[in-house]
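See below for the structure under consideration.
By convention in this document, chain letters (A, B, ...) are assigned in the order of the sequence lines, proteins followed by strands, and residues within each chain are numbered from 1.
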Protein chains: 2
Amino acid sequence: MPQQPPLACQSHDHQSCIDAAILAAGRICRERSVRLTPLRQQVLTLIWQSHKPLGAYAIMDMLAAATTRRIAPPTVYRALEFLLEHKLIHRINSLNAYIGCPEPENQHHSYFLICSDCGIATECPAKYLAPAIAKTAASAGFDIDDQSVEIIGRCPSCRKR
Amino acid sequence: MPQQPPLACQSHDHQSCIDAAILAAGRICRERSVRLTPLRQQVLTLIWQSHKPLGAYAIMDMLAAATTRRIAPPTVYRALEFLLEHKLIHRINSLNAYIGCPEPENQHHSYFLICSDCGIATECPAKYLAPAIAKTAASAGFDIDDQSVEIIGRCPSCRKR
DNA sequence: TCAAGTTATGTTATTGTATAACACTTTTTT
DNA sequence: AAAAAAGTGTTATACAATAACATAACTTGA
């Protein structure tokens, strides 16, 4: 089987990832007539700047540091709520943390590989997972609304070390 | 495809489930030379008495009610930690809640179907999911330590209504 | 253009989830 | 019985999320 280490585990020009994500977010919000306000864009940027999922309070502290004034939890949570609603970010339940979605234009479910060593979380292909989940739910007579798949382990880079 | 509604969604003698779980837990702890203390057994019983996953603070309140004195969070969390360690219970990340494991003797991963209507969570068969996850991780060169699969939707009983 | 309505953010307080650090008790081992 | 280990109690605190209400900023339509 061919092994493709996730992009996040390879060295790459991450600034271009961030830029692309912000551009895509702007496009999507324009299409949907919703507002990517400065705050929302700032939160999205902070999340994208980290390959590791960021907690809400980490984001709060970064915002506070950037603006030199106190930012209260609801401010951050509302921005997160907006970004989640428009699938610009995902929530990692096992970490209580948030990470940028690399393909917000394509409707898709988010399955994650999370490295317990370096902390990096990457979306993984739905190819095998999506049909397996569909079959599992169908055989139990269950109607799917939402799904959360989080695989914890060690990424290729950390395995080498 | 044959539809098998999860046991939890059917009426059944749940007391015998609880009894079996406690017996199995005793057996496992004896084998491993660890102690299923009264507190741990009490927490395990409380969790088993509920088909819905129980939060730590709900367990705290139940313990407090049963013993008529205050129980502090660490007491409960330590019991939960022990039960998790020995796979006598599972944690449902999307709910911050805990549920009994019906087959603690068999090493297995826990995949869940969670009904957003009645709140019942049931383990679902690994038949399709386990190989899909293995293939997905392998194709990314990822070593699996742990996995969390939570499918949220509506169970057969709630769909009928 | 400006008043009304809507959307977004600020602010204070509170609830829910989880752990750290240290004291004390019980069980196990020697 | 003393020492060591395991378990529980207690206090305080960190981290995660939301409720309720006030203010500001944008949008819309006469």
To the nearest angstrom, how far is [X] atom [atom1] from [N] atom [atom2]?
X: A:Leu36; N: D:dA25; atom1: CG; atom2: C1'; value: 16 Å
X: A:Arg78; N: D:dA20; atom1: CZ; atom2: P; value: 13 Å
X: A:Glu81; N: D:dA16; atom1: CD; atom2: P; value: 18 Å
X: A:Phe82; N: C:dT9; atom1: CZ; atom2: P; value: 9 Å
X: B:Ile71; N: D:dG7; atom1: CD1; atom2: C1'; value: 14 Å
X: A:Leu80; N: D:dC15; atom1: CG; atom2: P; value: 17 Å
X: B:Leu54; N: C:dG16; atom1: CG; atom2: C1'; value: 15 Å
X: A:Leu95; N: D:dC15; atom1: CG; atom2: P; value: 15 Å

Would you classify [X] as touching base, sugar-phosphate or nothing, given that sugar-phosphate means primed atoms plus P, OP1 and OP2, and contacts are heavy atoms under 4.0 Å?
X: B:Leu39; answer: sugar-phosphate
X: A:Arg40; answer: sugar-phosphate
X: A:Thr75; answer: base

Original post:
Does any N or O donor sit under 3.5 Å from an N or O acceptor when you compare the side chain of A:Arg69 with the base of C:dG10?
Top reply: no
**OP:** Identify whether A:Tyr77 and A:Met62 are in the same connected component of the hydrophobic contact network (ILVMFWY, side-chain heavy atoms under 4.5 Å).
**Re:** yes
Subject >> Which residue lies more 5' along DNA chain C, comparing A:Pro38 with B:Arg35 via nearest heavy atoms >> reply: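 Comparing both residues, the 5'-ward one is A:Pro38.
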Subject >> Donor-acceptor pair, side chain of B:Gln147 and main chain of A:Glu150, under 3.5 angstrom >> reply: no
Original post:
Counting only N and O atoms by type, is there a donor-acceptor contact under 3.5 Å from the side chain of A:Arg40 to the main-chain atoms of A:Phe82?
Top reply: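 No: the side chain of A:Arg40 does not pair with the backbone of A:Phe82.
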Subject >> A:Thr37 side chain near C:dT7 phosphate (N/O to OP1/OP2, under 4.0 Å) >> reply: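 For A:Thr37, the contact criterion (side-chain N or O under 4.0 Å from OP1 or OP2 of C:dT7) is not met.
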Original post:
Quick one: on DNA chain D, does A:Pro74 or A:Ala58 contact a more 5' nucleotide (nearest heavy atom)?
Top reply: A:Ala58
Original post:
Looking at the side chain of A:Ala72, which of D:dT8, D:dT11, C:dT12 is the nearest nucleotide?
Top reply: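 Nearest to the side chain of A:Ala72 among the choices is C:dT12.
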Original post:
Among D:dT10, D:dA16, C:dT9, which nucleotide sits nearest the side chain of A:Asn96?
Top reply: D:dA16
**OP:** Could you point out which residue of A:Lys160, A:Arg154, A:Lys52 forms a salt bridge (Lys or Arg N to Asp or Glu O under 4.0 Å) with A:Asp117?
**Re:**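 Exactly one option meets the salt bridge (Lys or Arg N to Asp or Glu O under 4.0 Å) with A:Asp117, and it is A:Arg154.
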**OP:** Compare the ring of A:Tyr77 with the six-membered ring in the base of D:dT18 and state whether they stack (centres under 5.5 Å, planes under 30°).
**Re:**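 Stacking between A:Tyr77 and D:dT18: absent.
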**OP:** Please name the residue in the list B:Thr45, B:Ile47, B:Asp13, B:Leu44 that meets the side-chain contact (heavy atoms from CB on, under 4.5 Å) test with B:Ile18.
**Re:**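 Per the side-chain contact (heavy atoms from CB on, under 4.5 Å) rule, the option paired with B:Ile18 is B:Thr45, out of B:Thr45, B:Ile47, B:Asp13, B:Leu44.
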